[in-house]
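Below is one structure; the comments refer to it alone.
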Amino acid sequence: MEACWGLRPVNSSEGGLEFNPMQDYMILSPSQAAVVGVLCLLLGLLSALENLAVLYLIASSRRLCRKPSYLFIGSLAGADLLASVVFAYNFVIFHVFHGRDTMTGFLLKIGSVTLTFTASVGSLLLTAADRYLCLLYPPAYKTLLTRGRALVALGVMWVVSAFISYLPLMGWTCCPKPCSELFPLIPNDYLLGWLLFIALLFAGIIYIYGRVLWKAHQHAVRLAEHQESQVAGMVRMRLDVRLARTLGLVLAVLLLCWLPALSLMVYSLATPLSRQVKEAFAFCCMLCLVNSMVNPVIYGLRSGEIRSSAHRRLARWRKFLWDRDLQGKEEAARSSVTETEADGKFTSDHTPESCAAPTD
């Protein structure tokens, strides 16, 4: 317990030297810390702006707000937005500036980071389930998944994610249990439990996407067979296939970005880590920011409805700026005419006495 109490940031010292048990986790050299700081700033800022744009495009469109598919995508963008800000800020404060917190403050921060990434994976699972229902049960899709049910599912997902993420804050710490070699105050048994939960989410996503992509392949074959005589439902089917492939690409990016960090977490449970492995883990965590940055790019490039929403917003802004520019020019012209008339009136009504005609 002494190590836990030593995490309090008061000017505590032992033998006249400042005591900081977290120092063992601050393993980056000054040059490495500088690189991490720059990467967090650039990736975090770009990811936040991209996800904020996606949220704005969805929220500003009543049509998209009513669709469960885009509610789930909005949840994913919101989780990635929070992850970009929370993770980048806390990572820089810890590894670059060697910031200190009370035990409660630190657990709150690491729980918030865990929440954002857990909710991101959970949102992707709900999005996959949405595509599964849409492709396998198209006639009953709107009845099975209403907007209200989608909101309830999102609420449950966020509550469960928050509960699991803040378990260390509620007392599940490593004092006096063995601590993780990657995260201060986090016990190995909690890390194992969280990894199993994430593995369960990934397994569900992979299974659902396997079914979705197989169904999408079957739809593509049907489209090829009926290419000459398309019926009305084929257009909708084509959109579903494209969206399924888009989300499959999101899943592939998610696995590529998360597997290195998750693999090192699993490895840390089995054997002690060297300083080089810990440094590698710090840089692997940057891939999580890359994932949050890539997701909205995929939506913008492959989602026709989000692109349409963006085009409408840009058209409105251009029209607004054009009308404002024309209004400014008209006001300037009216002002110029008024000043000219006023000058003429002033000259005729207020002629100086030296220039006035003499009177008898």
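Below, all heavy atoms of this structure are taken into account, side chains as well, without hydrogens, waters or symmetry copies.
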- Item | Min side-chain heavy-atom separation Phe87-Ser47 under 4.5 Å | no
[X] and [Y]: which non-hydrogen atoms are nearest, and at how many Å?
X      : Y      : answer
Cys65  : Ile58  : SG-O, 3.0 Å
His95  : Met26  : ND1-CA, 4.5 Å
Leu273 : Val277 : CD2-CG1, 3.9 Å

- Task: Following the transitive rule for hydrophobic clusters with a side-chain heavy-atom cut-off under 4.5 Å over Ile, Leu, Val, Met, Phe, Trp and Tyr, establish whether Val121 and Leu195 coincide in one cluster.
- Result: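 Cluster IDs for Val121 and Leu195 match.
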- Query: Linking I/L/V/M/F/W/Y whenever their side-chain heavy atoms sit closer than 4.5 Å, directly or via other members, would Val35 and Leu42 fall into one cluster?
  - Reply: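 Each belongs to a different hydrophobic cluster.
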How far does [atom1] of [X] sit from [atom2] of [Y], to the nearest 0.5 angstrom?
X      : Y      : atom1 : atom2 : result
Leu125 : Ser120 : CG    : OG    : 11.5 Å
Leu191 : Leu269 : CG    : CG    : 5.0 Å
Leu45  : Leu289 : CG    : CG    : 11.5 Å
Leu55  : Leu76  : CG    : CG    : 9.5 Å

- Item | Donor-acceptor under 3.5 Å (Ser112 side chain, Leu108 main chain) |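 Checked: pair present.
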- Query: Is a side-chain donor or acceptor of Asn291 paired with a backbone partner of Trp258 at a separation under 3.5 angstrom?
  - Reply: no
- Under 6.0 Å between the ring centres of Tyr132 and Tyr207? no
- Query: How about Cys179 and Cys174, are their SG atoms within less than 2.5 Å of each other?
  - Reply: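 Cysteines Cys179 and Cys174 qualify as a disulfide pair, their SG atoms being under 2.5 Å apart.
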- Message: Do Thr114 and Ser165 pair up side chain to side chain, a donor and an acceptor below 3.5 Å, judged on atom types alone?
- Response: no
- Query: For atom OH of Tyr56, is the number of surrounding heavy atoms from other residues, nucleotides or ligands below 6.0 Å larger than 12?
  - Reply: yes
